[in-house]
Protein chains: 2
Amino acid sequence: MVRPPVRRATASLRTPFPTRDGAGLFSGCPEFVGTPLAYAREEEIFGDGEEAESVYRVVHGAVRTHKILSDGRRQVTGFHLPGDLFGFEQAETHRHTAEALSGTRVLIFKRRQIERIAAVRAEVACQLWSLAKRSLRHAQDHMLLLGRRSAQERVAAFLLDVDARMGGTGTFDLPMPRRDIADYLGLTIETVSRTFSQLEGEGALQRSGGRQVCLHHDRMHRLVED
Amino acid sequence: MVRPPVRRATASLRTPFPTRDGAGLFSGCPEFVGTPLAYAREEEIFGDGEEAESVYRVVHGAVRTHKILSDGRRQVTGFHLPGDLFGFEQAETHRHTAEALSGTRVLIFKRRQIERIAAVRAEVACQLWSLAKRSLRHAQDHMLLLGRRSAQERVAAFLLDVDARMGGTGTFDLPMPRRDIADYLGLTIETVSRTFSQLEGEGALQRSGGRQVCLHHDRMHRLVED
DNA sequence: CGTTAACTTGATGGAACTCAAGGTTCGTGG
DNA sequence: CCACGAACCTTGAGTTCCATCAAGTTAACG
């Protein structure tokens, strides 16, 4: 798979904004006050190999994290929606790249500070542990998808997951382009596109305008073995 | 992919043995005293959906954890060697099945007890957090492998990983059969077998007696893009 | 409204899967 | 110690699903 040269965000209008959300708690702990920051579409939030100074919480918009091989093959490891935390690392450096999918606001927390507080307050450390376990479970579910599911199952499972995270109404706008979906599901954009068409042909969903979809929950679910 | 009926351990000689290793610490915390227990080859340690009462540490032998779809497709999510912990769950029930690869001894810890101690001692909770982050990193690396790597790269990366975990001498016996390797790498046993042969043909490894391999480190590494 | 990126569709090819033997290893009992 | 059987592993032939290559078409945006 050949991939065009690395897409780097050009826009760098990183506009700090008022502390409206500054009171936003870190898992219900008032001592964590995040610094609000905004990123433009496709702007990099942190890069693979950089020192992991901060941890992030999405306030508005969406973020993707990915890993990339030297020849350009990319695996998107997660999409992060409002409320989600990302950027935790086991080591001192990031093992991922994080980029905004669209104009996105986040709260930034200092990793050192979080670790300092966790080292003293057991209930905070337990919350962080729990958070990591939740991510781990997601990663393991995704391994099953990547290792053993067909293209149709992957796309169907993905759409059901996004729907659930966006409110579960069955109608929503996908916050990411096909390339990101493909790289998340271990497929190519062509296969994702064809699978969308196929699902629409089978009456499992309807599309309007590329990004908007309306799922037929029952038929969709029937496509995903479990 | 059709799979033979679920392989259930028939042998159930779960023989508790003396407390020789009872002094084995839980990440250096003397208050955790595990109960030693032994499992026979292919014996189930815990099953998907069961209540997650315990957490385990491998003392001797090897364990695999996997997830399985209703039609039998299986994804092995990890192999656990002496010193490794497994069986932590985010929720109250296990989301995996764990089975002994060979005669295996483990130490069992009560999850409730660990949680009780973590809730009070921050440094313990931080260790557990760190452990979860390490597992998460492994899972994310594996996603990249499953989503984007070729069969040859998967097998080569796998062999290098096992070698490193078994001492890094380059010569070792694989503790698992081809089926488990295949289900770990998202391949079929035939493809794994063919890839072994291909790697041997290219001089990247030598086999003797099915399970024993001797890796040619340089050539092996060259096959794994990063 | 024009330009560009994003998405879709078609034709073709190939890596890995499936099906089917055959060979090897290893444990068990004669 | 050797013979037998049952897993386990390897190899071959044919097929399939998804990737690749190549146009088109639609949508987004200045």
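Order of the sequence lines fixes the chain letters, A, B, ..., with proteins taken first and strands second; residue numbering starts at 1 for each chain. Treat the numbers as computed from the prediction; the structure is a model and nothing was measured.
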Take the protein atom [atom1] of [X] and the nucleotide atom [atom2] of [N], then report the distance between them rounded to whole Å.
X	N	atom1	atom2	value
Leu145(A)	dC18(D)	CG	C1'	15 Å
Glu200(B)	dT10(D)	CD	P	9 Å
Leu101(A)	dA5(C)	CG	P	19 Å
Asp173(B)	dC26(C)	CG	P	9 Å
Gln212(A)	dA28(D)	CD	P	11 Å
Ile181(B)	dC8(D)	CD1	C1'	12 Å
Arg73(A)	dA15(C)	CZ	P	13 Å
Glu42(B)	dC8(D)	CD	C1'	12 Å

Exercise for the section: Compare all side-chain heavy atoms of Met176(B) with those of Ile181(B) and state whether any distance is below 4.5 angstrom. Expected result: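 Result yes, sub-4.5 Å side-chain heavy-atom pair found.
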Is it true that [X] and [Y] have a side-chain N and a carboxylate O under 4.0 angstrom from each other?
X	Y	answer
Arg111(B)	Glu53(B)	no
Arg222(B)	Glu202(B)	no
Arg64(A)	Glu42(A)	yes

Problem - Nearest heavy-atom neighbours spanning Glu50(A) and Glu44(A) - result: OE2-OE2, 3.4 Å
Handout entry: Residue from Leu187(A), Ile189(A), Thr188(A), Asp183(A) passing side chain to side chain contact (heavy atoms under 4.5 Å, CB included) with Arg178(A)
Key =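 Among Leu187(A), Ile189(A), Thr188(A), Asp183(A), the one meeting side chain to side chain contact (heavy atoms under 4.5 Å, CB included) with Arg178(A) is Ile189(A).
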Exercise for the section: Assess Arg74(A) against Tyr184(A): is NZ or CZ under 6.0 Å from the centre of the six-membered ring, and within 45 degrees of the ring's axis? Expected result: no
Problem - His142(A) and His138(A) aromatic ring geometry - parallel, tilted or perpendicular at 30°/60° bounds - result: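 Ring orientation, 0 to 90° scale: parallel.
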Exercise for the section: Give me the residues of residues 150-157 of chain A where at least one heavy atom lies under 4.0 Å from an atom of DNA chain D, by number, or none. Expected result: Ser150(A), Ala151(A)
Completion exercise
With sequence neighbours left out, the residues meeting ring pair (Phe, Tyr, Trp, His ring centres under 6.0 Å) with His66(B) are none
Could you run down the sub-3.5 Å N/O contacts of the protein with nucleotides 7-9 of chain C?
{"unit_1": "dC7(C)", "atom_1": "OP1", "unit_2": "Arg211(A)", "atom_2": "NE", "d": "3.0"}
{"unit_1": "dC7(C)", "atom_1": "OP2", "unit_2": "Arg178(A)", "atom_2": "N", "d": "2.9"}
{"unit_1": "dT8(C)", "atom_1": "OP1", "unit_2": "Arg178(A)", "atom_2": "NH2", "d": "3.1"}
{"unit_1": "dT8(C)", "atom_1": "OP1", "unit_2": "Arg207(A)", "atom_2": "NH1", "d": "2.3"}
{"unit_1": "dT8(C)", "atom_1": "OP2", "unit_2": "Arg178(A)", "atom_2": "NE", "d": "2.8"}
{"unit_1": "dT8(C)", "atom_1": "OP2", "unit_2": "Ser193(A)", "atom_2": "OG", "d": "2.7"}
{"unit_1": "dT8(C)", "atom_1": "O5'", "unit_2": "Ser193(A)", "atom_2": "OG", "d": "2.9"}
{"unit_1": "dT9(C)", "atom_1": "OP2", "unit_2": "Ser197(A)", "atom_2": "OG", "d": "2.3"}

